[in-house]
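It should be emphasised that the depicted structure is a prediction, and the values quoted were computed from it without experimental measurement.
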Amino acid sequence: MRPEIRTWKLTEKPFNPTHLFHSETIFTIGNGYLGSRATFEEGYPDEIAATLLHGIFNHHEQDLVPDLANVPAWFAVQITVDGEPFRLNEGRILGYVRELDMKNGILSRQVLWQSPGGKILRFTFERFASMADQHILAQQIEITALDEVQVLDCVLDFNTETALNIAYTAEGPVLVSHWKNASITYPAPDQSGWQGETTQSGYRVGILQQVSGADFRATESSNRPGNRFQVSLKPEQRVTVTRLVGIATSRDTKALSPFLEEKLGQAVEKGYNTLKTEHCAAWAAIWEDMDILIEGDEYVQKAARFAAYQLIIAAPQKDERVSIGAKTLSGPGYKGHVFWDTELFMLPPFTLTQPGIARNLLMYRYHNLPGARKKAKDEGFLGAMYPWESTDTGEETTPKWTLPDKHGNRIRIWTGDHEQHISSDIAYAVWQYWKWTGDNEFFVKHGAEMILDTAVFWYSRVEWNAKKQRYELSEQIGPDEYHENINNPVYTNRMVVWHLQHAFKTLNWLRTNLPEKAQALQSTLHITDEVQAKWQDIIAKMYIPRYEPLNVYEQFDGFFDKDEVNLALYTPRVTAMDVILGHQRTNASQVIKQADVVMMIALLGDELGDHEELMRNWRVYVPRTAHGSSLSQAMHAWAAARLGLVEEAYEHWVDAAGIDLEDTKGNVRDGIHGAANGGLYQALIFGFAGLQLDEKGGWKVDPRLPAWWKSMTFSFYYRGEKQTVTLKS
Ligand code: IFM
């Protein structure tokens with residue numbers, strides 16, 4: 001295969017049952033409305049079959065927190081060949097290839113299989129979630145008999161048995177269903193449908209299918225509605241069947257059934273091939289803006305496309321009430337909850353290339369200001385304090401406890417209480433979006449309010465240390481979550497200063513351009529003279545910890561008093577350092593979970609100091625960082641590239657790419673690491689290419705490309721105008 005084609009494809013060949021969970025995740029398809037894991041059509045007992053729709057959260061009574069409710073597998077197929085089920089663990093696999101065509105968002109599998117009874121058949125499965133119409137799913141199955149088959153029996157049904165989630169109960173994980181009032185319909189011999197309602201939140205989801213290509217009849221099953229056909233096949237005879245599915249929720253329409261019928265009717269009228277052509281055209285338009293071309297490095301090229309692919313399939317194109325969970329829509333990890341992963345990792349690539357999507361993601365936070373205000377109020381503060389984990393209500397949904405270990409011990413999770421930097425992270429994303437897009441309409445109506453009300457929160461949150469004449473923050477968690485309930489995390493304290501500086505810039509811009517709006521916001525958000533005076537004071541007197549013996553920022557108060565651990569001795573390592581050392585010992589050590597001071601370097605760069613200063617910090621913090629979070633290495637790649645450490649940057653970038661592609665952390669089964677992929681994209685654009693806004697109100701690049709890259713080409717939008725840059729090394 002030519003490299004150009006190879007870099008667009010993920011290929012699994014031969015079948016590798018030990019990698020099933022990994023492959024199920026990385027071969028996920030989606031269209032920004034839903035994500036559907038690449039589990040096999042015929043289904044296997046241990047698979048994690050998940051089709052997840054944005055916004056369909058439900059809080060199961062047995063669980064600690066809400067979850068994205070898994071809907072039935074829409075692509076399920078039960079095939080029997082002369083009475084013997086087609087299964088990869090029975091008979092013989094004579095040939096196998098699974099492929100994800102990332103250019104076109106199409107998943108396919110070909111299997112040459114011999115039944116236990118000796119019949120050889122060739123199966124081709126293909127499916128996609130239409131990027132042209134988010135309510136349409138499509139599948140085509142081709143079965144060729146190489147021996148005579150008396151009865152080929154095929155059932156194309158909805159596997160409702162897969163529509164289960166894992167609930168983390170006090171007794172341990174159990175499988176639960178989020179559905180009630182399920183109804184099944186068979187509108188015609190070649191149609192069937194399923195609808196269900198989530199038990200607590202009351203969302204309705206419906207799927208309706210039409211199958212063609214054979215003489216179908218309804219299965220009439222009460223738990224696996226579908227349609228079936230039977231044929232006899234002579235050697236080399238082939239049967240091709242097509243399934244088109246309409247899918248929608250009560251979030252889309254009040255009249256679910258008519259909506260589904262209309263959608264499906266339109267799809268049937270177009271037919272599979274036209275739908276596929278439209279789907280591919282929609283993908284082509286996205287790649288026009290989002291593809292990064294890297295000549296001279298096939299691995300990076302493919303990994304960059306993989307990262308962008310995973311972001312694209314998870315990003316809501318039309319919905320501003322949902323956002324992207326940490327594990328995208330590709331698995332059950334973190335229950336679909338939204339963290340800072342979105343604003344600082346996944347969103348910026350869209351700010352540059354698909355501003356409409358970035359706007360949707362920011363609007364999700366805008367619509368959830370009431371949840372953030374509630375959280376601030378509940379904790380005795382003013383303004384808006386965004387939750388660490390967020391779902392559809394915008395309220396704090398971080399679980400308070402981990403699952404019990406084998407001795408029944410649970411650990412308190414403090415992030416929902418103390419990881420407060422997220423409010424400034426969101427403000428940072430709003431500001432960057434505004435600066436790159438020039439979307440004044442968004443900024444005036446929504447963005448300014450988010451920046452200002454979160455700044456009001458900090459006004460009420462910071463603590464004045466009269467003895468030391470400075471503002472401080474106690475009981476915090478910075479990006480490095482190995483150290484909980486610490487004081488003065490430098491990342492947070494410094495981001496607060498950045499935040500308040502930009503609250504003033506926001507107010508000043510409004511005062512100059514829309515004085516009435518400035519006035520209105522000041523009045524509704526209670527930004528009095530006293531508040532502004534204190535903001536000024538905080539900017540001037542916020543404590544930014546330094547560690548003088550090394551002349552560097554101090555990650556938090558007392559960080560260097562903790563035990564030093566030589567991380568080099570703990571390599572090679574697949575187990576996270578907090579698991580190796582245990583929770584308490586890690587807490588008592590200088591082992592850092594993820595980019596923290598380095599994260600600050602990536603975001604604020606030379607605002608923090610000159611090259612020497614940043615290098616000193618880099619040299620101190622990198623050897624102490626265990627990369628226990630997938631968010632870490634891409635930020636290191638970005639920061640290293642800016643520091644001119646190109647080879648180190650490259651190593652970090654490739655390690656970050658391996659998190660999903662090679663499953664180096666061993667947890668891809670739970671879903672894609674959305675932040676790692678967003679970080680990879682940013683490390684290429686902001687790190688290696690050095691794209692940045694310049695002081696004169698334009699943009700500039702400052703490339704630091706690895707010597708073996710022949711060129712790097714990418715596009716982005718600056719104030720509505722598309723820019724394309726080619727850099728040569
Ligand atoms: O938001 C992250 C955090 O920074 C590290 N732990 C996992 C979270 C979700 O990805």
Side-chain angles (χ1 to χ4, degrees), residues 28-36 51-57 68-69 71 74 104-105 128-138 203-208 244-256 258-260 262-264 266-267 270 275 278-290 308-325 328-330 336 338 342-343 346-368 390-392 394 429 433 437 439 441-442 445-447 674 678 717 720:
T28 292
I29 54 169
N31 58 7
Y33 176 77
L34 59 77
S36 199
T51 294
L52 302 170
L53 281 72
H54 268 312
I56 305 300
F57 282 101
L68 273 182
V71 307
W74 57 274
N104 295 304
F128 62 89
S130 173
M131 197 49 97
D133 183 340
Q134 61 183 13
H135 298 288
I136 297 300
L137 305 162
Y203 295 115
R204 283 197 72 75
V205 173
I207 36 184
L208 181 65
L244 303 178
V245 177
I247 185 161
T249 80
S250 53
R251 296 188 62 252
D252 306 305
T253 171
K254 285 202 174 77
L256 196 51
F259 184 89
L260 286 169
E262 194 190 326
K263 279 285 163 198
L264 185 61
Q266 289 164 357
K270 287 181 180 166
L275 291 172
E278 289 178 357
H279 165 74
C280 294
W283 267 101
I286 295 172
W287 284 120
E288 264 300 301
D289 290 332
M290 232 174 146
Y309 170 86
Q310 295 296 346
L311 295 174
I312 293 165
I313 63 169
Q317 305 219 359
K318 300 204 163 96
D319 195 341
E320 55 176 54
R321 298 253 172 196
V322 298
S323 187
I324 313 175
T328 68
L329 293 170
S330 61
V338 180
T342 311
E343 285 75 18
M346 295 184 251
L347 186 149
F350 293 114
T351 292
L352 295 177
T353 62
Q354 315 260 331
I357 290 179
R359 189 182 197 278
N360 283 345
L361 296 170
L362 292 174
M363 285 303 292
Y364 163 82
R365 293 296 191 180
Y366 178 76
H367 290 303
N368 283 326
S390 179
T391 57
D392 52 343
Y433 170 83
T437 61
D439 183 351
E441 197 251 1
F442 165 82
K445 281 201 191 146
H446 313 290
Y717 285 86

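- Considering all non-hydrogen atoms of both residues, Ser36 and Thr51 come closest at OG-OG1, 2.8 Å.
- Note that NZ of Lys318 and CD1 of Ile357 are 10.0 Å apart. Values are rounded to the nearest 0.5 Å.
- Note that the CG atom of Leu256 and the CD1 atom of Ile207 stand 10.5 Å from one another [nearest 0.5 Å].
- Across Val245 and Trp74, no two heavy atoms sit closer than the pair CG2-CE3, 4.0 Å.
- The structure places NZ of Lys263 at 9.5 Å from CG of Asp252, a figure rounded to the nearest 0.5 Å.
- For Arg251, the side-chain contact (heavy atoms from CB on, under 4.5 Å) test picks out Ile56, Tyr203, Thr249, Asp319, Arg321, Val322, with sequence neighbours left out.
- Partners of Ser130 according to the side-chain hydrogen bond (donor to acceptor under 3.5 Å, both in side chains) rule, which considers only residues two or more places apart in sequence or in another chain, do not exist here.
- For the residue pair Leu329 and Leu53, the shortest heavy atom distance occurs at CD2-C, 4.3 Å.
- Glu262 meets the side-chain hydrogen bond (donor to acceptor under 3.5 Å, both in side chains) test with Gln266; sequence neighbours excluded.
- Residues forming a side-chain hydrogen bond (donor to acceptor under 3.5 Å, both in side chains) with Thr342 (at least two apart in sequence, or on another chain): none.
- For the side-chain contact (heavy atoms from CB on, under 4.5 Å) test, residues two or more places apart in sequence or in another chain that qualify with Asp439 are Arg359, Tyr433, Thr437, Glu441, Phe442.
- Between the side chain of Ser250 and the backbone N or O of Arg204, at least one donor-acceptor pair lies under 3.5 Å.
- If you take OG on Ser330 and CD1 on Ile29, they are separated by 12.5 Å, rounding to the nearest 0.5 Å.
- For the atom pair CG of Leu52 and CZ of Phe57, the computed distance is 9.5 Å after rounding to the nearest 0.5 Å.
- Residues Asp392 and Asn368 come closest through the heavy atom pair O-OD1, 3.9 Å.
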Is there a side chain to side chain contact (heavy atoms under 4.5 Å, CB included) between Leu34 and Leu137 once you walk through the steps? CA-CA 10 Å; Leu34 59 77; Leu137 305 162; 3.9 Å; yes
When you look at Thr353 and Trp287, which way does the side chain to side chain contact (heavy atoms under 4.5 Å, CB included) test go after all the steps? CA-CA 10 Å; Thr353 62; Trp287 284 120; over 6 Å; no
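- For Phe350, there are no ring pair (Phe, Tyr, Trp, His ring centres under 6.0 Å) partners at least two apart in sequence or on another chain.
- Evaluation of the salt bridge (charged side-chain N to carboxylate O under 4.0 Å, His left out) test over residues 347-358, restricted to residues two or more places apart or in two chains, returns none.
- For Tyr366, the side-chain contact (heavy atoms from CB on, under 4.5 Å) partners are Met363, Leu369, His446, Glu449, Met450, not counting sequence neighbours.
- Atom-to-atom distance recorded for Ile324:CD1 and His54:NE2 is 6.0 Å, nearest 0.5 angstrom.
- Here the closest non-hydrogen pair linking Asn31 and Ala129 is CB-O, 3.7 Å.
- For Ser323, there are no side-chain hydrogen bond (donor to acceptor under 3.5 Å, both in side chains) partners, not counting sequence neighbours.
- For Ser390 against Tyr364, the heavy-atom pair with the smallest separation is OG-OH, 2.6 Å.
- The ring pair (Phe, Tyr, Trp, His ring centres under 6.0 Å) check on Phe259 picks up His135, with sequence neighbours excluded.
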Identify every side-chain donor-acceptor pair in residues 310-317 under 3.5 Å, counting partners at least two apart or on other chains, and give the distances.
{"residue": "Gln310", "atom": "NE2", "partner": "Ile26", "partner atom": "O", "Å": "3.2"}

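- For Phe128, the ring pair (Phe, Tyr, Trp, His ring centres under 6.0 Å) criterion is met by Tyr272, His279, not counting sequence neighbours.
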